[in-house]
Number of protein chains: 2
Amino acid sequence: MNAIDGGITTPLGYRASGVHCGIKKEKLDLAVLYSESPARVSIAYTRNNVRAAPIEIMMRRDPEVLQAFVVNSGNANALTNSRGIEDSHTMISHTARELGIDERLVGIASTGVIGRYLPMEKVIAGIPEAVKFLGKGPQYDSAAASAIMTTDTIRKEAACQVTIGDGTVVTIGAMAKGSGMISPAMRTLHATTLSFVTTDAVLGHRADRRWQRALDRSLNMINVDGDQSTNDISVLMANGAAGGQPVDDDPAFWEGVEYVLKILARLIVIDGEGATKLIEVVVDGAASESDAKLAAKAVVSSNLVKAAIFGGDPNFGRILAAIGNSGCEFDLDKTRLMISSNGTNTSLFENGVPLVWSDSKVESIARKIMEQKKIAIKLDLGVGEFSAEAWGCDLSFDYVKINAQYTT
Amino acid sequence: MNAIDGGITTPLGYRASGVHCGIKKEKLDLAVLYSESPARVSIAYTRNNVRAAPIEIMMRRDPEVLQAFVVNSGNANALTNSRGIEDSHTMISHTARELGIDERLVGIASTGVIGRYLPMEKVIAGIPEAVKFLGKGPQYDSAAASAIMTTDTIRKEAACQVTIGDGTVVTIGAMAKGSGMISPAMRTLHATTLSFVTTDAVLGHRADRRWQRALDRSLNMINVDGDQSTNDISVLMANGAAGGQPVDDDPAFWEGVEYVLKILARLIVIDGEGATKLIEVVVDGAASESDAKLAAKAVVSSNLVKAAIFGGDPNFGRILAAIGNSGCEFDLDKTRLMISSNGTNTSLFENGVPLVWSDSKVESIARKIMEQKKIAIKLDLGVGEFSAEAWGCDLSFDYVKINAQYTT
């Protein structure tokens with residue numbers, strides 16, 4: 001697997017664009033993603049039962065093959081009743097007409113404020129422009145990745161190349177948005193934020209199970225604030241332009257997909273609303289993979305842990321209390337909790353014994369580690385052989401500030 | 001049911017005290033609660049699998065009858081292994097000796113920082129003093145209620161009198177602590193914070209089911225921050241000193257118990273860490289009582305809703321997104337969302353139509369309501385006849401500040 005610089009149009013046969021149509025005051029707010037030939041897709045959706053209009057439409061259509069996506073930011077088109085559904089259909093039909101393809105080959109997604117109708121005149125005027133500016137390469141990747149952003153402050157892009165079983169080199173590109181309302185659940189086919197992965201590999205069948213597994217080890221293991229959006233969608237598009245044998249069961253291919261998804265996952269939590277620190281949690285010694293995930297996810301999801309990390313406080317009790325709340329199996333007498341940053345590490349709890357408050361040297365190392373921008377937390381639950389990773393950010397004054405005044 | 005001024009010693013036959021033994025720097029940190037005769041108890045515990053030593057002991061003993069409780073604040077005696085268990089046993093035996101009663105009649109609870117050993121010399125010196133100062137009346141109620149506080153800024157006390165079926169007047173008193181790490185779950189016999197309810201009524205049998213039901217409609221319907229403590233315990237003590245027939249199935253008695261628990265619930269969220277506003281949610285039109293509870297609890301538990309309310313932002317989409325995440329049944333086309341404060345009210349969403357952004361008059365009324373200190377949110381899910389209430393507080397800069405530096 002080779003990490004490469006790139007984005008959503010890096011694989012063969014994809015083009016993208018991002019334009020300003022006027023939903024937002026100044027920033028880019030309308031993106032089109034286009035494949036030169038129809039691509040096999042796997043799509044995961046939010047599990048929130050309040051579904052935005054585009055989600056409602058996509059779930060009903062449940063497409064096997066798509067050739068394009070139209071995506072707007074600044075307005076979620078959620079809680080907008082039948083008028084919202086019509087507006088999404090209008091976006092799809094205008095995009096299809098401009099691209100000269102069948103409406104059934106155009107997918108749709110929206111993100112932004114909930115409960116406002118789309119300014120459709122502006123959107124309709126923007127679609128031909130977005131189609132006209134379709135292109136391939138870094139500036140087009142950037143434009144598309146920027147046009148799907150809301151409170152994001154950095155673009156989220158990733159790409160890699162992998163050599164599959166028959167020797168063919170295939171490319172994987174990706175983009176995502178998301179910095180708040182982020183707490184994916186872990187059921188079949190549900191999504192986190194808006195995320196798109198393109199590839200020029202050949203997929204023989206719809207790869208829902210594999211796609212979900214890759215999401216469950218990456219985007220579904222992050223937490224910003226415990227709220228799951230009405231608009232989440234995660235899309236995998238495979239147009240086969242690179243040729244070679246189908247990658248449905250090719251381990252190298254799925255390793256590449258997981259790689260770009262983990263890059264996106266880290267970028268999302270680094271850019272979490274108000275985030276000042278990245279928290280990486282590794283859980284080992286769990287009785288099962290699902291237990292390991294439960295435990296890792298519980299630590300990055302605890303408000304108290306997140307606030308303690310913001311304050312640089314090595315309050316290990318909150319980490320273990322989060323584990324206790326998670327429902328996972330553990331043996332406290334064999335549990336070990338370590339923190340590390342920049343090569344320095346220290347144990348806070350071992351074999352049932354708290355180490356940090358009783359030893360001032362441990363406490364001073366722990367406080368030093370907690371001051372860093374990237375904190376790694378390593379937990380051994382002492383009951384088995386399974387592991388999982390999760391990523392989160394701290395809970396800061398700015399998270400509150402950003403969300404206290406979002407619509408104004 | 002008559003609300004009366006009072007606290008934990010208002011019912012006949014109870015005494016209490018609160019002293020400073022030195023776990024905290026200056027404030028009261030050790031309380032004893034004593035009944036002149038053994039009392040029938042029902043006790044609910046935290047569902048966190050990391051259990052503090054006193055919780056471990058109490059759950060193992062599973063007592064039917066108790067005569068006293070010893071409670072310390074400032075140190076949770078959690079994550080303290082076998083040494084913590086020994087320390088709790090020592091507290092129990094010293095309290096029993098001072099009171100001249102059997103050890104098996106003494107209950108224990110602790111609250112405070114996790115992962116530190118108790119300063120046992122100080123605690124052992126404090127117990128005789130706490131027993132010596134036992135008394136009845138407002139100043140003893142206050143001392144005990146103060147001595148169980150941690151980050152609390154106000155005492156939580158309540159009392160009432162009810163006339164039961166045979167005409168006997170019985171009294172119910174209560175105290176609680178809690179302002180952070182508060183998010184009770186809803187399974188059988190689990191607790192929220194430390195809370196104690198005393199009564200001089202006669203209980204014929206252990207009233208676990210009724211006690212749980214009262215907790216599920218009060219303390220279990222509040223949320224401060226989504227974390228459940230390692231130390232939660234909710235205790236009902238009935239010493240029968242008022243005589244009369246057993247109240248096991250007396251509706252007036254349980255209405256009184258629910259009344260004092262709801263007072264405590266409101267006091268806890270008003271005093272929520274950093275809270276500036278009280279949020280009261282009423283859900284109607286639900287398909288079942290558990291659905292109504294799910295929905296009401298989801299609204300008071302959403303960080304995004306809490307931050308919006310802190311900022312005075314009538315962001316109704318977040319409230320409905322929380323409902324969508326809760327798993328409850330609803331019909332968006334029949335759902336109605338109203339907010340009110342001080343007699344002013346307005347609909348934000350009705351029959352699938354958002355009202356607030358499209359009508360500047362509605363928006364200005366909504367913003368005015370959101371500026372108040374107490375915000376009532378009323379939701380009709382449009383699918384049935386069931387209702388529930390929940391209480392929460394906003395998410396403020398001060399919540400982050402308090403929790404970023406708790407141990408320092």
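Throughout, protein chains are lettered first and strands after them, A, B, ... in sequence-line order, and every chain is numbered starting at 1. Only a predicted model underlies this, so the values are computations on that prediction, with no experimental measurement involved.
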Please name all residues satisfying side chain to side chain contact (heavy atoms under 4.5 Å, CB included) with B:T276, sequence neighbours left out, ordered by chain then number.
B:F310, B:K373, B:D394, B:S396
Residues in side chain to side chain contact (heavy atoms under 4.5 Å, CB included) with B:R336, at least two apart?
B:M338, B:S347, B:E350, B:D380
Of all residues at least two apart in sequence or in a different chain, which pass the side chain to side chain contact (heavy atoms under 4.5 Å, CB included) check with B:I365?
B:T344, B:T346, B:I369
Do B:F316 and A:I114 come within less than 4.5 Å of each other through their side chains, counting heavy atoms only?
no
Out of curiosity, A:R51 CZ to B:L332 CG, how far, rounded to the nearest 0.5 Å?
10.0 Å
Could you measure the distance from the CG atom of A:N81 to the CZ atom of B:F349? Nearest 0.5 Å is fine.
7.0 Å
Closest approach of B:A321 to A:T230 (non-hydrogen atoms, all atoms of both residues):
CB-CG2, 3.9 Å
Residue part contacting chain A, namely of B:L79, when any heavy atom lies under 4.5 Å
both
Decide if atom NZ of A:K122 counts as having more than 12 heavy atoms of other residues, nucleotides or ligands within a radius under 6.0 Å.
no
When rounded to the nearest 0.5 angstrom, what is the spacing between OG in A:S82 and CG in B:D333?
8.0 Å
Residues in residues 52-60 of chain B near chain A [non-hydrogen atoms, under 4.5 Å]
none
Find the distance between CG (A:N49) and CG (B:L320) and round it off to the nearest 0.5 Å.
12.5 Å
